[in-house]
Q: 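Sending over a structure as structure tokens; questions will come in a sec.
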Amino acid sequence: MCGIFGFLGNNKRSGFNLDKFNILGIYNDSRGGDSSGFYIDGIISKGVTTDRYYSNLILYNKEIDYLKKHLKEGKNVSIALGHCRKASVGRVNLELAQPIIVLDDDGVIDLVMIHNGTLINYKELAEKYGVPYEKTWSDSQVFAQIVNFVGFQVLSEYKGAGAFVFHYPKTGDTFIFKGASKEYHYSKEIKEERPLFCLKQNGGYYFSSIRNILELIDDNGQEVKVFSQNHLYHIKNGKIRSFK
């Protein structure tokens, strides 16, 4: 299991709080332990070995120092994604740390993805859609390439477990999906594959794999909500819509 967390706001005013974001990351360390990373409005930092825990990654971090200065100047942050990885497929190294970044042919970021879970048939899906990948890549890295190439229809085709966040920097669109499926082929009911919760706060949404930490950072008396299973959520400019 991994921990995913973040903030989704709007472009006009910042409801983002770096301390709250970091608290989410530190708590999600309990779900990781192999690597950590964040993407905040185009600023990326990842860590393994001594920085494999998010709590260590943010210490003496130049990107964090820049963000603090950025926020003091009143600048806006509309997207912040964090990941604490517990490796299941692939090695433990900086290349496989998340968030996953997919580049276009010109080296510009097409897609940023974070994933909690393990995918079983990712190689078969890549072969089905003719998506090239490196043998050293993780299941998450391959799946990010597939989604970027095929689109969200593939969310109904993967086997395994997943809670995903997809962000497209070029358009500002963010999508969230939490899968549910039968635990065994003979099971009668579907079961949540991975947990994911959200909290509306100051014109935006915080989300986390751990519920009680969202309750802790709430300062507006808001209720922590659960993302519905097998729904694709679209978030842009602080507004959220759900599609089954």
Q: Using the side chain to side chain contact (heavy atoms under 4.5 Å, CB included) rule, pick out the option among Asp104, Asp105, Asp110 that qualifies with Val108.
A: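 Of the listed options, the one satisfying the test is Asp104.
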Q: Restricting to side-chain contact (heavy atoms from CB on, under 4.5 Å), what partner residues turn up for Asp34, sequence neighbours left out?
A: Lys86, Ala87, Val92
Q: How long is the gap from OH on Tyr66 to CD1 on Ile40, to the nearest 0.5 Å?
A: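 Between atom OH of Tyr66 and atom CD1 of Ile40 there are 12.0 Å.
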Q: Mark yes when over 12 heavy atoms from residues, nucleotides or ligands other than Lys170 sit less than 6.0 Å from its NZ; otherwise mark no.
A: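 Counting other residues, nucleotides and ligands, NZ of Lys170 exceeds 12 neighbours.
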Q: Determine the interplanar angle of the Phe164 and Phe166 rings, folded into 0 to 90°, and report it as parallel if under 30°, tilted if 30 to 60°, perpendicular if over 60°.
A: parallel
Q: Keeping the roles fixed (side chain from Arg52, backbone from Ser35), state whether a donor-acceptor pair exists under 3.5 Å.
A: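 Judged by distance alone, no pair lies under 3.5 Å.
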Q: So, the side chain of Asn56 versus the backbone of Thr50: is there a donor-acceptor pair under 3.5 Å, distance only?
A: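 Checked: pair present.
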Q: Looking only at heavy atoms, what is the nearest atom pair of Leu119 and His115, with distance?
A: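 Taking every non-hydrogen atom into account, CG-CE1, 3.7 Å.
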Q: Which of parallel (below 30°), tilted (30 to 60°) and perpendicular (above 60°) describes Tyr206 and Phe7?
A: tilted
Q: Can you tell if the side chain of Phe38 reaches within under 4.5 Å of the side chain of Asn22, non-hydrogen atoms only?
A: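 Phe38 does not reach Asn22 side chain to side chain.
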Q: Identify, with sequence neighbours excluded, every residue that meets side-chain contact (heavy atoms from CB on, under 4.5 Å) alongside Ile109.
A: Tyr39, Ile44, Ile101, Leu103, Val112, Pro169
Q: Within the side chain of Asn10, is there an N or O that forms a donor-acceptor pair under 3.5 Å with the backbone of Gly204?
A: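 It does not hold such a pair.
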Q: Any idea which heavy atoms bring Asp29 and Cys84 closest together, and the distance?
A: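 Closest heavy-atom pair between Asp29 and Cys84: OD1-SG, 3.5 Å.
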Q: Do any N or O atoms from the side chain of Lys191 and from the backbone of Glu183 form a donor-acceptor pair under 3.5 angstrom?
A: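 Absent.
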Q: Has Glu189 got more than 12 heavy atoms of other residues, nucleotides or ligands less than 6.0 Å from its CD?
A: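 Check fails, neighbour count at 12 or below.
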Q: Does Gln201 use its side chain to pair, donor to acceptor, with the backbone of Asp219 at less than 3.5 Å?
A: yes
Q: Heavy atoms only: give me the nearest Ile210-Asn212 pair and the separation to one decimal.
A: CG2-OD1, 3.1 Å
Q: Evaluate the criterion salt bridge (charged side-chain N to carboxylate O under 4.0 Å, His left out) for residue pair Asp41 and Lys75; output intermediate values, then yes/no.
A: CA-CA 11 Å; Asp41 270 358; Lys75 305 245 178 114; over 6 Å; no
Q: How close do Ser209 and Cys2 get, heavy atom to heavy atom, and via which atoms?
A: OG-O, 4.1 Å
Q: Picking from Phe177, Tyr158, Phe143, Phe175, what satisfies ring-ring contact (aromatic ring centres under 6.0 Å, His included) with Phe152?
A: Phe175
Q: For Thr174, which of His167, Lys236, His234 qualifies under side-chain hydrogen bond (donor to acceptor under 3.5 Å, both in side chains)?
A: His167
Q: What's the shortest heavy-atom distance between Ser36 and Ala97, and which atoms?
A: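 Heavy atoms only, the tightest pair is O-CB, 4.4 Å.
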Q: In terms of side-chain geometry, is the basic nitrogen of Lys128 or Glu157 positioned less than 4.0 Å from the acidic oxygen of its partner?
A: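 Yes, this pair counts.
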Q: Is a side-chain donor-acceptor pair under 3.5 Å present for Ser228 with Tyr233?
A: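 Yes.
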Q: Restricting to ring pair (Phe, Tyr, Trp, His ring centres under 6.0 Å), what partner residues turn up for Tyr54, sequence neighbours left out?
A: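 Phe5.
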Q: Nearest 0.5 Å, what's the CD-CG distance between Gln145 and Leu125?
A: 14.0 Å
